[in-house]
There are 2 protein chains.
Amino acid sequence: MTAQPHEHLTAAVLRPVRGHHAFEGCVEQLATAIRLGVYPVGTLLPPERELAERLAVSRATLREAIAALRQAGLVETRRGRGGGSTVTSQARGRLPGGLTKISSATKSEWLDALEFRRVVEPGAAHMAASHDLTGPDRERLTASEAAVHDATGKRAHRQADSRLHLTIASLSGSALLQQAVTSVQSTLDSMLGAIPSLEPNIGHSHRQHRQICRAIVDGHADRARKVMEDHCDDTAALLRGLLG
Amino acid sequence: MTAQPHEHLTAAVLRPVRGHHAFEGCVEQLATAIRLGVYPVGTLLPPERELAERLAVSRATLREAIAALRQAGLVETRRGRGGGSTVTSQARGRLPGGLTKISSATKSEWLDALEFRRVVEPGAAHMAASHDLTGPDRERLTASEAAVHDATGKRAHRQADSRLHLTIASLSGSALLQQAVTSVQSTLDSMLGAIPSLEPNIGHSHRQHRQICRAIVDGHADRARKVMEDHCDDTAALLRGLLG
DNA sequence: CGTCAATGGTCGGAGTTCATACCAATTTCT
DNA sequence: AGAAATTGGTATGAACTCCGACCATTGACG
């Protein structure tokens, strides 16, 4: 069994890029999607024509972006039926050609993202808990939570954590909310990547995840929101301390 | 005394527009800013060079957008020192040249905006109440609340209401949140504009505004959020009913 | 084995936007 | 009255993107 992309997350992670320099935006989007583990190593990206449509960009521009990823060693491309671009690595190293500054953010933007997160993620948890979840929904949620618990290695743990939060956002049913959470998780990932010596309290985090997921499946909206708020506060306190 | 623009709101209302068709985005941004009352009738828009920078667009493109507004009768332009584009009307009529479809949204997008609003606006109120507001901040808030109360006429009332909500968002101190609220208020305004026969319970709304503002200045974060949630729920219920 | 389908690869013209410099009008200051 | 500053108006060439069509390669299926 080869690795499978997490298609239920791509809708919000790959959002339209519009820009006179759409090329750079595409590179950032795709690199982020790979970084967050939406397309794990070994998986195939969607066909160029489909990706171009999702990113609201011409195929020519998308191809340039893929070429950059290929040059950076993130993907390999094969032709013909069944071909495509395969994710081969998630090297956190800077992309070549001056693309390092992409998605850079100032310190104040990082702090703002933490504030914003404390609103949207608890809100998403609240909304998700207010719905009557279907069986598959519940399965996806518990599977994501278990994946975080089982992940070994810092990078894998980080990705599984991102996916859990994105899954909760998707259960909210709001595309706008899911988009907001995706954006927040992306910058959060940048922050955690820029501070490699971070060692959060994994056990505590796992307990919070467990509580959040249980509250969501049990329909305890207020409780889900409160625990998520605490969860965000804990992460934020840790990061704020390291940012000075 | 001539009308003054609400400069403390423009930072979030006029957000960068990037796109090959940036022209249309500029028209929408400016029209929205005028529609929401950031630039009331009689006020002068910022100089072209400044507006172009804020919208992250070249002056040539911005000028085309202003030309469209001028052709639509929204602004008049004078040259020379002290010149500029003056807002002359807020006609809700469609902009000419096929620009009517700009900022159109499907019904599901509208419903999503209502869900999103129920998260971000209460979140903004909560965050604003958590801060120690300065004197001028409190004044702006109470003035905005009074303006809603005193507004006569449907259109004026709608604008004052938008400005109150945007002011609360700005007091949250989070640029991302303010941007989210701006986006939500913009689509909300579109919805209310598309349903002209709407007659909300003004008195009830005023009471809620009063309670929200009081909770914010008194620092009762949870209460501010709760009342704002109720406020959003009431509006949403009304709109959902009219959307079928 | 041959045809079809799916996919990446290539090309050229058209349309937008950008950046910059310069011109024109009008007010303000000296 | 004249100089300076501010603001809109104009022009040109480069860079980027888009769109569409077509080619090349590979695998699947009859």
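Here is how names work: the chains are called A, B, and so on, in the same order as the sequence lines, proteins then strands, and each is numbered from 1. All values below were derived from every heavy atom in this structure, side-chain atoms included, with hydrogens, water molecules and symmetry-related copies excluded.
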**Student:** Side chain of Glu48(B): nearest nucleotide among dG8(C), dA28(D), dG9(D)?
**Tutor:**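 For Glu48(B), the side-chain atoms sit closest to dG9(D).
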**Student:** Heavy atoms from C-beta onward define the side chain here; which of dG8(D), dT17(C), dT26(C) lies closest to that of Ala22(B)?
**Tutor:**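 In terms of side-chain proximity for Ala22(B), the closest of dG8(D), dT17(C), dT26(C) is dT17(C).
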**Student:** Glu76(B) CD to dT26(C) P: how many Å, rounded?
**Tutor:**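 Result: 15 Å.
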**Student:** Rounded to whole Å, how long is the line connecting atom CG of Leu69(B) with atom P of dG8(D)?
**Tutor:**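 Distance, rounded to whole Å: 14 Å.
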**Student:** Which of the following nucleotides, dC18(D), dA24(C), dT26(D), is nearest to the side chain of Val57(A)?
**Tutor:**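 Between dC18(D), dA24(C), dT26(D), the one nearest the side chain of Val57(A) would be dC18(D).
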**Student:** What contact category does Arg49(A) fall into here, base, sugar-phosphate, or nothing, at under 4.0 angstrom with non-hydrogen atoms?
**Tutor:**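 The answer is base, as Arg49(A) lies within the cut-off (heavy atoms under 4.0 Å) of a base atom.
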**Student:** Looking just at side-chain N and O atoms, do Arg140(B) and Ser170(B) make a donor-acceptor pair shorter than 3.5 Å?
**Tutor:**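 Side chains of Arg140(B) and Ser170(B): pair found under 3.5 Å.
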**Student:** By nearest atom, which of the nucleotides dG27(D), dA24(D), dG8(D) is closest to the Arg79(A) side chain?
**Tutor:**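 Shortest atom-to-atom distance from the side chain points to dA24(D).
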**Student:** Take a 6.0 Å sphere around CD of Glu48(B) and say whether it holds more than 12 heavy atoms from other residues, nucleotides or ligands.
**Tutor:**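 Yes.
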**Student:** Of all the heavy-atom pairs spanning Val181(B) and His165(B), show the shortest one and how long it is.
**Tutor:**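 Of all heavy-atom pairs spanning Val181(B) and His165(B), the closest is CG1-O, 4.0 Å.
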**Student:** By nearest heavy atom, map Arg81(A) and Glu64(A) onto DNA chain D; which one lands nearer the 5' end?
**Tutor:**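 Its nucleotide being nearer the 5' end, the pick is Glu64(A).
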**Student:** Measuring to OP1 and OP2 of dC18(C), would you say a side-chain N or O of Thr61(B) lies under 4.0 angstrom away?
**Tutor:**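 Checking Thr61(B) against dC18(C): at least one side-chain N or O falls below 4.0 Å of OP1 or OP2.
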**Student:** Which nucleotide, dG8(C), dC18(D), dC18(C), lies nearest any side-chain atom of Ser58(B)?
**Tutor:**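 Per side-chain heavy atoms of Ser58(B), the pick is dC18(C).
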**Student:** Would you kindly compare Arg78(A) and Ala60(A) by the position of their nearest DNA chain C nucleotide and give the one closer to the 5′ end?
**Tutor:**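 It is Arg78(A) whose nearest nucleotide is closer to the 5' end.
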**Student:** Measuring from the side chain of Arg59(B) (C-beta onward, heavy atoms only), which nucleotide among dC18(D), dA21(C), dT7(C) has the closest atom?
**Tutor:**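 Given the options dC18(D), dA21(C), dT7(C), the side chain of Arg59(B) is closest to dA21(C).
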**Student:** Mind calculating the distance between CG (Leu55(A)) and C1' (dC18(D)) to the nearest angstrom?
**Tutor:**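 Distance check: Leu55(A) CG to dC18(D) C1' gives 15 Å.
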**Student:** In Å and rounded to the nearest 0.5 Å, what is the CD to CG distance from Gln178(A) to Asp112(B)?
**Tutor:**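 The CD atom of Gln178(A) sits 10.0 Å away from the CG atom of Asp112(B).
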**Student:** Compare the minimum distances between each of dA6(C), dG8(D), dG9(C) and the side chain of Arg63(B), then state the nucleotide with the smallest one.
**Tutor:**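 In terms of side-chain proximity for Arg63(B), the closest of dA6(C), dG8(D), dG9(C) is dG8(D).
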